[in-house]
Amino acid sequence: TQLLEQSPQFLSIQEGENLTVYCNSSSVFSSLQWYRQEPGEGPVLLVTVVTGGEVKKLKRLTFQFGDARKDSSLHITAAQPGDTGLYLCAGAGSNYQLIWGAGTKLIIKP
Amino acid sequence: NAGVTQTPKFQVLKTGQSMTLQCAQDMNHEYMSWYRQDPGMGLRLIHYSVGAGITDQGEVPNGYNVSRSTTEDFPLRLLSAAPSQTSVYFCASSYSGGSQETQYFGPGTRLLVL
């Protein structure tokens, strides 16, 4: 069974600080996605990574896919209150199914 | 484009009642899916469809039925509601279901079963 574990489960930091959240598995994934979900809304795609070792940047957010395609990280530089939300990773499973992590709840305090 | 729409936004049911959660998309996507989201457990796939007339079970299908008579609509039916079905339900769609495609989510239906 493929599983994705996200850590930490919860993170509360001050505006301006840097942070990294992780998405780990013992399984290899052909691709991995990161979504952000705000309260009362559905998840919204941030990025898709496909190649082992790939790094993608989205403004202050940096996403990395592990060389072995078993893990990924999301680094936020100079966090802002607008970054608050639930960050979910999802890996490609079989039969049109995505494998989802439980998420990291991030709160950025002004 | 409205994207993915879901109705109702909130619902309270008594144990044993049935109901249908509605989902529609206007992006002409072939793939649609239903998830439930519970605290600490992430998103769990209930049922999915790769096109009109085709449905399949996901990770947690028991107690739920689906049908896909049109490309646009993918309703989820709770046959006999149980307290364990208290959750937030999300409908999602993508172009063809490929793992690298963007999943577009609706705003969710919050269901409480008493």
Side-chain angles (χ1 to χ4, degrees), chain A residues 1-11 21-25 27-52 54 56 58 63 65 69 72 85-105, chain B residues 2-10 21 23 25 27 29-51 54-61 68 74 87-110:
Chain A
T1 302
Q2 292 179 298
L3 292 173
L4 277 171
E5 295 186 357
Q6 291 191 242
S7 62
Q9 292 183 346
F10 178 79
L11 185 59
V21 298
Y22 301 92
C23 177
N24 295 306
S25 176
S27 303
V28 175
F29 288 95
S30 59
S31 63
L32 194 139
Q33 298 180 318
W34 284 91
Y35 288 79
R36 181 169 67 205
Q37 183 179 18
E38 298 189 18
E41 299 181 7
V44 176
L45 179 69
L46 295 173
V47 76
T48 301
V49 287
V50 179
T51 306
E54 182 177 4
K56 282 191 173 179
L58 185 65
F63 303 85
F65 202 13
R69 291 184 287 127
S72 182
L86 179 67
Y87 289 80
L88 296 161
C89 63
S94 60
N95 296 332
Y96 301 97
Q97 300 188 37
L98 289 173
I99 309 298
W100 292 84
T104 292
K105 186 173 182 180
Chain B
V4 179
T5 58
Q6 291 184 238
T7 56
K9 291 187 184 298
F10 304 95
L21 280 64
C23 174
Q25 53 90 10
M27 297 174 282
H29 285 169
E30 290 296 325
Y31 181 87
M32 297 184 74
S33 58
W34 276 102
Y35 289 93
R36 58 178 291 172
Q37 186 175 36
D38 302 292
M41 300 189 72
L43 291 166
R44 291 186 291 168
L45 183 65
I46 303 171
H47 286 284
Y48 65 96
S49 168
V50 297
I54 306 170
T55 63
D56 207 345
Q57 296 180 350
E59 180 186 357
V60 288
R68 183 98 179 268
F74 190 43
S87 187
V88 182
Y89 291 85
F90 288 99
C91 179
S93 74
S94 68
Y95 179 68
S96 64
S99 61
Q100 299 178 28
E101 294 175 0
T102 301
Q103 297 284 322
Y104 293 89
F105 285 83
T109 293
R110 285 144 188 82

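Scope of the values below: all heavy atoms of this structure, side chains included, with no hydrogens, waters or symmetry mates. Below, chains carry the letters A, B, ... as their sequence lines are ordered, and counting in each starts from 1.
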Discussion item. Taking every non-hydrogen pair under 4.5 Å, which of Gly97(B), Ser94(B), Cys91(B) racks up the most with chain A?
Written reply: Gly97(B)
Fill in: Side chain, backbone, both or neither of Val50(B) within contact of chain A (heavy atoms, under 4.5 Å)
side chain
Worksheet item: Under 6.0 Å from the CZ atom of Phe10(A), do we count more than 12 heavy atoms belonging to anything else shown?
Response: yes
Response to the item:
If one checks every heavy atom of Tyr35(A) against chain B at 4.5 Å, the contacting part turns out to be side chain
Item to complete: Tell me, for Tyr31(B) versus chain A, whether the close heavy atoms (under 4.5 Å) come from the side chain, the backbone, both or neither.
Response: side chain
Fill in: Proximity breakdown for Arg110(B) and chain A, heavy-atom pairs closer than 4.5 Å
side chain
Fill in: Top of Gln6(A), Glu41(A), Gln33(A) for chain B proximity - count of heavy-atom pairs under 4.5 angstrom
Gln33(A)
Discussion item. For Gln9(A), which atoms come within 4.5 Å of any heavy atom of chain B: side chain, backbone, both, or neither?
Written reply: neither
Fill in: Greatest number of heavy atom pairs closer than 4.5 Å to chain B - which of Gly101(A), Ser30(A), Gly40(A), Pro43(A)
Pro43(A)
Worksheet item: Side chain, backbone, both or neither: which part of Ser33(B) has a non-hydrogen atom closer than 4.5 Å to chain A?
Response: neither
Item to complete: Heavy atoms only, distances under 4.5 angstrom: which of Gln103(B), Met41(B), Lys9(B) has the most pairs with chain A? Name it, please.
Response: Gln103(B)
Worksheet item: Quick one: do the Gln37(A) and Gln37(B) side chains pair a donor with an acceptor below 3.5 Å?
Response: yes
Discussion item. To check you understand the geometry: which heavy-atom pair defines the closest contact between Gln97(A) and Glu59(B), and what is its length?
Written reply: OE1-N, 4.4 Å
Item to complete: Can you tell which part of Leu4(A) gets under 4.5 Å to a heavy atom of chain B, answering side chain, backbone, both or neither?
Response: neither
Discussion item. Does any backbone or side-chain atom of Leu45(B) lie under 4.5 Å from a heavy atom of chain A? Answer side chain, backbone, both or neither.
Written reply: side chain
Worksheet entry | Options Ser31(A), Ala90(A), Gly91(A), ranked by heavy-atom pairs under 4.5 Å with chain B, top entry | Ser31(A)
Fill in: Interface residue of largest heavy-atom contact number with chain B, from Ile99(A), Leu88(A), Thr48(A), under 4.5 Å
Thr48(A)
